[in-house]
2 protein chains.
Amino acid sequence: MNQNVQSSFKALADPTRRSILMHLSKQDMTVQELTDNFDMTRAAVKKHLTILENGNLIKAHRQGRDRINSLDTLGMKSVTEWLNYFDQFWDERLDSLRTAIESHTTKSN
Amino acid sequence: MNQNVQSSFKALADPTRRSILMHLSKQDMTVQELTDNFDMTRAAVKKHLTILENGNLIKAHRQGRDRINSLDTLGMKSVTEWLNYFDQFWDERLDSLRTAIESHTTKSN
DNA sequence: TTGACAAGATACTATTTGGTATCGTATTGT
DNA sequence: ACAATACGATACCAAATAGTATCTTGTCAA
């Protein structure tokens with residue numbers, strides 16, 4: 001579970017991989033189609049795809065000789081959940097700050 | 001701006017750094033206090049702090065001979081915004097999926 | 001004032017990482 | 001049947017990364 005979050009964050013830390021996700025958000029694509037959009041070999045793109053798959057950010061299935069890559073929501077969810085902890089924290093901080101300001105202004109009134 | 005997102009994602013990709021953020025969410029801490037929570041040297045922790053600072057995930061100020069580290073919302077925001085693009089995408093996918101199912105069931109009725 | 005403590009900076013090392021080159025296998029279309 | 005295409009896997013290389021050790025500077029307290 002925690003390993004899960006780690007592999008998702010790792011996968012998102014590379015600009016090429018984030019760009020792959022952007023492409024896949026528009027349409028499912030084969031390895032070759034994705035490769036056409038980057039200045040690197042198919043092998044390099046395939047490595048990125050494996051890392052994205054390990055992070056549950058994409059999934060893939062074979063269709064004849066093609067590998068169809070598509071987005072997966074699982075990885076995105078675990079990352080978002082991790083970040084949510086801090087959103088909660090920001091809110092608390094803002095709340096206590098607001099409370100402090102209010103009590104201060106009421107005091108000075 | 002895009003470099004901004006990159007440095008934030010990079011900073012979040014390390015488990016030690018995410019752990020540091022967790023600690024700082026509970027209270028602001030000096031470099032030494034943080035180091036006490038990890039099995040590594042102060043120099044290593046300081047390197048992580050620099051990376052977190054570059055990713056706008058923490059900020060720091062000197063207080064006497066101490067360096068007080070605290071959370072910064074900027075980095076978290078840029079990451080969340082990047083992810084929001086996909087949340088939007090998920091919703092659309094779910095909507096079109098629901099529409100497809102509905103139109104199918106009405107057809108078969 | 002001087003010893004102890006907190007931090008900054010840098011040189012160095014081992015491991016990870018992003019990339020290529022290249023091999024083999026399966027599938028397609030003529 | 002067979003040439004072309006798509007993919008998987010692996011060996012290899014250069015650069016980035018996470019860590020240590022060590023030296024220096026600034027600050028506190030007795």
Side-chain angles (χ1 to χ4, degrees), chain A residues 2-24 27-70 72 75, chain B residues 2-24 27-72 75 79:
Chain A
N2 231 336
Q3 173 59 27
N4 200 330
V5 157
Q6 173 56 22
S7 55
S8 299
F9 269 113
K10 263 284 169 60
L12 286 171
D14 181 273
T16 300
R17 290 195 285 269
R18 290 199 307 280
S19 181
I20 288 176
L21 292 179
M22 283 295 187
H23 281 288
L24 292 182
Q27 55 180 319
D28 295 353
M29 292 174 89
T30 67
V31 181
Q32 188 54 52
E33 284 171 342
L34 280 169
T35 302
D36 292 343
N37 287 287
F38 295 97
D39 189 24
M40 63 183 70
T41 63
R42 182 183 54 79
V45 171
K46 176 54 167 60
K47 277 193 179 181
H48 284 304
L49 291 176
T50 300
I51 293 172
L52 285 167
E53 205 169 8
N54 288 339
N56 295 315
L57 291 161
I58 69 166
K59 50 192 170 185
H61 68 274
R62 282 304 277 271
Q63 194 168 76
R65 61 179 167 180
D66 293 333
R67 171 194 159 115
I68 312 289
N69 302 277
S70 57
D72 185 6
Chain B
N2 232 334
Q3 173 58 26
N4 200 328
V5 157
Q6 173 56 21
S7 55
S8 299
F9 269 113
K10 261 285 169 60
L12 286 171
D14 182 272
T16 299
R17 290 196 285 269
R18 290 200 306 281
S19 182
I20 288 176
L21 292 179
M22 283 295 186
H23 282 287
L24 292 182
Q27 55 181 319
D28 294 353
M29 295 173 86
T30 67
V31 180
Q32 188 55 52
E33 285 170 342
L34 281 169
T35 303
D36 292 342
N37 288 287
F38 295 97
D39 188 24
M40 64 182 71
T41 64
R42 181 183 54 80
V45 171
K46 175 55 168 59
K47 278 193 179 182
H48 284 304
L49 291 175
T50 300
I51 293 171
L52 285 167
E53 205 168 9
N54 289 339
N56 295 314
L57 290 161
I58 71 167
K59 50 192 171 186
H61 67 275
R62 284 300 280 267
Q63 194 166 77
R65 60 180 168 179
D66 294 332
R67 170 196 159 113
I68 313 288
N69 303 278
S70 56
L71 292 179
D72 184 6
V79 164

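Residue numbers start from 1 in every chain, and the chains themselves are labelled A, B, ... in the order their sequence lines are given, proteins ahead of strands. Everything numeric in this text was worked out from a predicted model, so none of it was measured.
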In the structure I gave you, are the side-chain heavy atoms of Val45(A) and Thr35(A) within less than 4.5 Å of one another anywhere?
yes
Contacted region of DNA chain D by chain B, from 5' end to 3' end of the hits, cut-off under 4.0 Å to heavy atoms, spans dT17(D) to dC28(D)
So salt bridge (Lys or Arg N to Asp or Glu O under 4.0 Å) across residues 52-61 of chain A, not counting sequence neighbours, yields Glu53(A)-Arg67(A)
For Asp66(B), the side chain to side chain donor-acceptor pair (under 3.5 Å) test, sequence neighbours excluded, returns none
Computed from five pairs at either end and rounded to 10 degrees, the angle between the axes of the helix from dT1(C)-dA30(D) to dT30(C)-dA1(D) is 30°
Numerically ordered, the residues 8-16 of chain A set in heavy-atom contact under 4.0 Å with DNA chain C is Lys10(A), Asp14(A)
The complete set of salt bridge (Lys or Arg N to Asp or Glu O under 4.0 Å) pairs with one or both residues in residues 37-49 of chain A, sequence neighbours excluded, reads none
Taken to the nearest whole Å, NZ/Lys46(B) to P/dT10(C) is 11 Å
Applying side chain to side chain donor-acceptor pair (under 3.5 Å) to Asp36(A) and not counting sequence neighbours gives Gln32(A)
All heavy atoms of Ser8(A) vs all of Gly75(A), minimum pair found to be OG-CA, 3.6 Å
Here the distance between atom C1' of dA6(C) and atom NE2 of His61(B), to the nearest Å, is 14 Å
Residue set satisfying side-chain contact (heavy atoms from CB on, under 4.5 Å) with Ala44(A), at least two apart, ordered chain then number -> Met40(A), Thr41(A)
Whole-Å distance, Ile68(B) CD1 to dA6(C) P, equals 12 Å
Is a donor on one side and an acceptor on the other found under 3.5 Å between the side chain of Arg17(B) and the backbone of Lys10(B)?
yes
Taking for Ile51(A) and for Val31(B) the nucleotide of DNA chain C with the nearest heavy atom, the one nearer the 5' end belongs to Val31(B)
Give me the distances for all protein-to-nucleotides 20-26 of chain C N/O pairs that come in under 3.5 Å?
| from | atom 1 | to | atom 2 | distance (Å) |
| --- | --- | --- | --- | --- |
| dT20(C) | OP2 | Thr41(A) | N | 2.9 |
| dT20(C) | OP2 | Thr41(A) | OG1 | 2.7 |

Residue pairs passing the ring-ring contact (aromatic ring centres under 6.0 Å, His included) test with at least one member in residues 28-56 of chain A, sequence neighbours excluded, are His23(A)-Phe38(A)
Sorted by chain and number, sequence neighbours left out, side-chain contact (heavy atoms from CB on, under 4.5 Å) with Leu24(B) holds for Ile20(B), Met29(B), Leu34(B), Ile58(B), Asn69(B), Leu71(B)
| Val79(B) versus Val5(B): any side-chain heavy-atom pair under 4.5 Å? | no
For Arg65(B), the side-chain contact (heavy atoms from CB on, under 4.5 Å) test, sequence neighbours excluded, returns none
When you measure from the side chain of Ser19(A) to the backbone of Pro15(A), do you find a donor-acceptor pair of N or O atoms at a distance under 3.5 Å? no
Rounded to whole Å, CG of Leu49(A) lies from P of dT17(C) at a distance of 17 Å
